[in-house]
Every structure is written in structure tokens, then in C-alpha cells.
Amino acid sequence: MSRGPVRDLWPLAQMRERAGNTRPEVEIARPESFEEVTDLLRSDRRLVPMGGGSGVCGAIGPDAGDLVVDLTALSRCEIDEANMLVRAQAGLNGLELERRLNQRGLTLGHFPSSLPAATVGGLVSTRSSGQQSTLYGSVEDMVLGVTVALAGGEIVQARAHPRSAAGPALHHLFLGAEGGLGIVLEVVLKVHRLPEAVIGSGWRLASVEEGLPVLREILQRGLRPQVLRLYDPDDSALQGLEAGCLLIAGSAGPATLAEAEAALIGRLVPGEALGPEPWERWLRHRFDLSAERLRELLEPPGAFLDTIELAARWTELAGLYAEVKAHLATVAGLVLCHFSHAYAQGCCAYFTFGGAAPDETQAQAAYEEAWRGTMEIALRRGATISHHHGVGQARRPWVRAEMGGWWGVWQRVREALDPDGRLNPKALGGGAVGGP
């Protein structure tokens, strides 16, 4: 075992450290087999499972005396091309998994911005979604089975059928549980053939109000582009567009299918066609906000920066966007938003906010006010407070209000599977009892 301070990339934790608050040093175990994980579970320690540490909500923040279970040594995978499956261990890096699949002409189709640092277990445990979710779905659409080590040391093996009606899909309990119900050891995932062709383009639209109905029309007509993103004017300027709102779309599949879909999308978008350059630019920069870059941006005293991803039905989305953006503008100098992860029923609104305050106290106050107001607006408007980043400590005060009556169900499930409270205490809001 080793020792050291451990956390994920929650910006508030980084800001607190910058202000002089130190993290406790904790023991870190790095098991190399499932059996070693179960041995740790049979101890009387409180355990915090950890993958790449790329989460941004504070779900990984061990206290003194906790034992961190670093799963990154569990990194094997078996590719079953005949059945289009991969069995991947929890510590396997997401980008490395994609590289191994690509060598066989396959793809998982899961590309969150955190992919260079994230692990398979982390993607599952935070209920991740990626940049190509409109075509391939989010992680819950890819998972066929999960192998989990429960609090008492029992291992429950994945049942990896194409589909089963032999009872509820209980493995879904562990998707998004942030390590609070068990330690994910291995996942069976659907994979896809690499597309024969990918065709991407960009358009300039006048406003968000013009762009959102275009996204809705594309999805509600049954089209499923690989990527579909709409940027508000401020975020569009960051993408290199001088005026208006940038929309980019990429179609993938057999060449004739990709071409047909791209042509139909082009007919549905009323704005100025910009050709492939915005698409190609996005491809070059889509992983730019890496873990290292986030740390760099939060180094200067008084700096604050974060993202908040909400999701709402189409009828609520424009109002949600306007109100949240106005609120964030009262505390942050930088406020951006783009819309991605679109569905026939609604879409994700992904806000980025940041600024520089005169001192650390004011920086933390501005940061916390940004979150407080945004969460309350989301709840009041019937939006979800998290589309794909999870809960952790960042959303702790509001998760009970989000879940409503299901909060009691979650508590009973957690008490049944972990009666001694030994698994990740910061998972899914920890012991949150309050609301807004």
C-alpha cells in the first residue's frame, strides 16, 4: 500500500486547497485481482473505490482513515467480435479501450471529454454520456452486464444476454451509484463496427431560439446523427464563429446512409451553411479541457471555473437556458452554453462559467452562488440537476429534492447492500437530507 492525498477534479476542492485547506493523507491499495478486492472488503475499513479520478463533482474525497481502492491495475479486456461485445475490467482507461477496439475495426462509441483519463468503472459508476450519444446512446445503453464486489466480499457476476426478462435488470443499480453499493470489477459492453463514412458540417443560425427547434425536428423525425451540437452566441465565438450560433452535425455509417442523413439534415437546417471546417475544428479540440488544463486554469488565486449540465424537455429548454444564463452572469464574467445529447423528448444544456475574484473567500462565494441558483432554477422548471456528471458533493444539497420519493428507495437499497456504511461515503450525495 501507499499513502497520499486523494480527490477527483471537483473545482471547489481545488479552490479550497488553493486557499490553504489540506487534504488528509490516506492509505491507497492497488489490487491486481478480483480476489484482492474481496479481501479488502472483508476488512473493517471504509473503502472508496477509484478509477482515473476524472470526476468533477467530488464523489471521490476520502476522509482520514478511509482506504482508497485504486482499480487501475484491473485493466484487461476480451473482445468478442462475433457477438459484438467487449468484457472490460473496471480499471481500463477509456481511450485505451477505444484504441484496442479500433485495432479490430470496432468502436464503443463513447467519447466523454474525460475519456483520456477516465476508466471503464468510472464511466459506469457516474452514468456517463459521451459526445456521440445521439447515435450510440449513453453508458446505460451500452452495458449488458456488470460484475460487482458487494460490501461483504461476495462477487456477483455479469449476466450478459442480448436482453433478458428474467426479472429486473438489477445491474442497473450500480450504474450511477458512484461506488456506494459495491465495487464495479468488470463490465460487458456492446460495441459497433467503425463507420465506413463520417460526414460533418456546420451552420450559422441567428439565435438559440432558432436553433433549438432545429435540433428537435432532426431528432423527432427519427434521424440519429453521430454528433449534434448547438452553441449559444458566446460559446460560438469561442468556437471561432464571429456572430450567431454555431450548429454542427456529423452523420456516420455506411457511406450511402451517412450521405443520405447528412443531406436531409442540411435541408432541415435553415441557417447559413459553413461547410466541413467547423466540424473539423471541433474534432481537433474536443478533448482540450483535460484534467491537466483544468488544474492550470484554477491555479491563479481567486479564479473559479466549472461546468453544470442540466437536461429538460423541449418545451422547457429555452426558458431554462435563459434563466440559468442570466443567473450565472450575476456572479461570473464568463458564461457559455451549448446543447448536446439530444433526444426526441429533450436535450442537455451544458453551461460553463468562470471568473476571477479579489480573494479566495469571494471566489468560493461566487462559485457556490452559481451552483445554488442553477440547481434551484432546474428544480423549479422540472429539469434534471445532472445529465451525466453525477452527484458527489457538488449536488448534495439538492439530490433529495430531485429524487422525491425515490430518495427513500435509494436509502433502503443502500442500507440493504451496505448496512455498515463502509462503501464510498461521498457517493450520490452521501447522507444528504436537505433540499433547496
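Between the side chain of Gln131 and the main chain of Val227, no donor-acceptor pair closer than 3.5 Å is present. In this structure, the side chain of Ser236 engages the main chain of Tyr231 through a donor-acceptor pair within 3.5 Å. Although no hydrogens or angles enter the test, the distance criterion places no donor-acceptor pair under 3.5 Å between the side chain of Ser114 and the main chain of Ala117. At least one donor-acceptor pair under 3.5 Å links the side chain of Arg18 to the backbone N or O of Leu298. A donor-acceptor contact shorter than 3.5 Å links the side chain of Asn102 to the backbone of Leu106. In terms of modelled atom types and a separation under 3.5 Å, the side chain of Gln157 and the main chain of Thr147 share no donor-acceptor contact. Checked by atom type and distance alone, the side chain of Asp8 pairs as donor or acceptor with a backbone atom of Ala59 at under 3.5 Å. A donor-acceptor distance shorter than 3.5 angstrom exists from the side chain of Trp314 to the backbone of Tyr343, with no hydrogens or angles considered. For the pair Glu196 (side chain) and Ala255 (backbone), a donor-acceptor distance under 3.5 Å is present. Distance alone, capped at 3.5 Å, places no donor-acceptor pair between the Glu272 side chain and the Arg204 backbone.
Minimum interatomic distance between Ala165 and Arg163 (heavy atoms only, all atoms of both residues): CB-NH1, 4.1 Å. Across all non-hydrogen atoms, the minimal contact from Ser201 to Trp279 is N-CB, 3.7 Å. Taking every heavy atom of both residues into account, Thr134 and Ala342 meet most closely at OG1-N, 3.6 Å. Residues Gly109 and Glu98 approach most closely at N-OE1, 4.0 Å, considering heavy atoms. Residues Leu173 and Leu181 approach most closely at O-CD1, 3.4 Å, considering heavy atoms. Closest approach of Val188 and Ala158 over heavy atoms only: CG2-CB, 4.1 Å.
Lys426 has no carboxylate O lying under 4.0 Å from a charged side-chain N of Glu178, or vice versa, which leaves the two without a salt bridge. In this structure, Arg395 does not pair ionically with Glu402, as no charged nitrogen and carboxylate oxygen lie closer than 4.0 Å. Contact check on Glu96 versus Arg100 returns a salt bridge, with a Lys/Arg side-chain nitrogen under 4.0 Å from an Asp/Glu carboxylate oxygen. Using a 4.0 Å cut-off between charged side-chain N and carboxylate O, Glu368 and Arg372 make no salt bridge. Of the charged side-chain nitrogens involved, at least one lies within less than 4.0 Å of a carboxylate oxygen, so that Glu81 and Arg193 count as a salt-bridged pair.
Residues Ile199 and Glu261 have side chains not in contact (no heavy-atom distance under 4.5 Å, counting atoms from C-beta outward). Residues His338 and Gln239 fail the side-chain proximity criterion, which asks for heavy atoms closer than 4.5 Å. Side-chain contact between Leu212 and Cys347: absent, with no pair of heavy atoms (C-beta onward) separated by less than 4.5 Å. Residues Pro49 and Asn424 have side chains in contact (heavy-atom distance under 4.5 Å, counting atoms from C-beta outward). When side chains are defined from C-beta on, Met50 does not count as touching Asp70, because their heavy atoms never get closer than 4.5 Å. Proximity of His171 to Arg159: side-chain heavy atoms (C-beta onward) are nowhere separated by under 4.5 Å. Within the 4.5 Å cutoff, the side chain of Leu241 has no heavy atoms near those of the Pro278 side chain. Between Asp234 and Lys325 there is a side-chain heavy-atom pair separated by less than 4.5 Å.
In this structure, Leu317 CG and Arg381 CZ are separated by 10.5 Å, a value rounded to the nearest 0.5 Å. Considering CZ of Arg281 and CG of Leu246, their distance stands at 9.0 Å, rounded to 0.5 Å. Ile385 CD1 to Ile377 CD1: the interatomic distance, rounded to the nearest 0.5 Å, is 13.5 Å. For the atom pair Arg87 CZ and Ile79 CD1, the distance stands at 13.5 Å (nearest 0.5 Å). For the atom pair CZ of Phe287 and CG of Leu115, the computed distance is 5.5 Å after rounding to the nearest 0.5 Å. Rounding to the nearest 0.5 Å gives a distance of 11.5 Å between CG of Leu223 and CG of Leu135.
The neighbour count for Glu242 CD, taken as heavy atoms of other residues, nucleotides or ligands under 6.0 Å away, does not exceed 12. Counting heavy atoms of neighbouring residues, nucleotides and ligands inside a 6.0 Å radius, atom CZ of Arg313 does not exceed 12 of them.
For His327 and Phe353, the ring centers are positioned 6.0 Å apart or more.
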For this session: Under the side chain to side chain contact (heavy atoms under 4.5 Å, CB included) rule, what do Val37 and Leu71 come out as? Steps first, then yes or no, please.
Result: CA-CA 9 Å; Val37 175; Leu71 296 165; 4.2 Å; yes
For this session: Evaluate side-chain hydrogen bond (donor to acceptor under 3.5 Å, both in side chains) for Arg127 paired with Ser138, printing each intermediate quantity in order.
Result: CA-CA 8 Å; Arg127 204 169 168 85; Ser138 297; over 6 Å; no
For this session: Please test Asp232 against Val335 for side chain to side chain contact (heavy atoms under 4.5 Å, CB included), starting from the C-alpha separation and ending with a verdict.
Result: CA-CA 10 Å; Asp232 79 353; Val335 184; over 6 Å; no
Exercise. Taking it one step at a time, do Phe174 and Val156 satisfy side chain to side chain contact (heavy atoms under 4.5 Å, CB included)?
Worked result: CA-CA 12 Å; Phe174 300 90; Val156 181; over 6 Å; no
Problem set entry | Candidate pair Arg221 and Glu217, rule salt bridge (charged side-chain N to carboxylate O under 4.0 Å, His left out), full reasoning | CA-CA 6 Å; Arg221 278 186 175 237; Glu217 179 73 5; 2.6 Å; yes
For this session: Go through Val399 and Trp407 one step at a time and tell me if the side chain to side chain contact (heavy atoms under 4.5 Å, CB included) criterion holds.
Result: CA-CA 8 Å; Val399 65; Trp407 176 255; 3.7 Å; yes
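Applying the ring-ring contact (aromatic ring centres under 6.0 Å, His included) test between Phe339 and each of Phe351, Tyr350, Tyr321 identifies Tyr321 as the sole match.
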